[in-house]
Amino acid sequence: MTKPIQPSQTQAFYLQAILSFGISMTAMTIAIVYLPAAGWIRAFLALGLLYLVTSTVTLCKVVRDRQELSVVTNRVDQARLDKLLADHDPFRVDA
């Protein structure tokens with residue numbers, strides 16, 4: 001009746017995303033630590049980096065939730081259509 005949901009990403013893609021995040025976060029942290037500037041400037045940049053990371057995680061969750069909601073809605077609509085088609089008898093005559 002309904003197709004099972006297939007995973008849309010591979011383990012390699014997942015690993016690449018994690019490594020990319022880790023490397024970029026490490027590079028930015030090292031750059032901020034060794035920046036030849038006053039401490040308050042480095043603290044401000046570190047706070048901006050933290051805010052950027054948390055807002056990115058929030059955005060990812062929102063996009064994922066919206067995509068999952070559309071998948072669930074499509075599956076519910078498909079189940080309704082399957083039930084309607086199963087209950088329909090084209091040869092039945094209403095008298």
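In this text, all values refer to a predicted model and were calculated from it rather than measured experimentally.
Under a hydrophobic clustering in which Ile, Leu, Val, Met, Phe, Trp and Tyr are joined whenever their side-chain heavy atoms come within less than 4.5 Å, directly or via other members, Ile18 and Phe21 fall into different clusters. Residues Leu35 and Trp40 fall within the same hydrophobic cluster, defined by Ile, Leu, Val, Met, Phe, Trp and Tyr side chains chained together at heavy-atom separations under 4.5 Å. Grouping the Ile, Leu, Val, Met, Phe, Trp and Tyr side chains by contacts below 4.5 angstrom, directly or via other members, places Phe44 apart from Ile32.
Remark: Thr54 OG1 to Leu59 CG distance equals 11.5 Å, nearest 0.5 Å. Considering OG1 of Thr26 and CD1 of Ile30, their distance stands at 6.0 Å, rounded to 0.5 Å.
Not a single side-chain contact (heavy atoms from CB on, under 4.5 Å) links Ser24 to another residue, sequence neighbours left out. Residues satisfying the side-chain hydrogen bond (donor to acceptor under 3.5 Å, both in side chains) test with Asp87, not counting sequence neighbours, are Lys83.
With a 4.5 Å cut-off on side-chain heavy atoms, Met28 and Leu45 do not count as touching. In this structure the side chain of Met25 reaches within 4.5 angstrom of the side chain of Val53, judged on heavy atoms.
Looking at Ser20, its side chain never comes within 3.5 Å of a backbone N or O of Gln16 through a donor-acceptor pair.
No more than 12 heavy atoms of other residues, nucleotides or ligands shown are found within 6.0 angstrom of CZ on Arg66.
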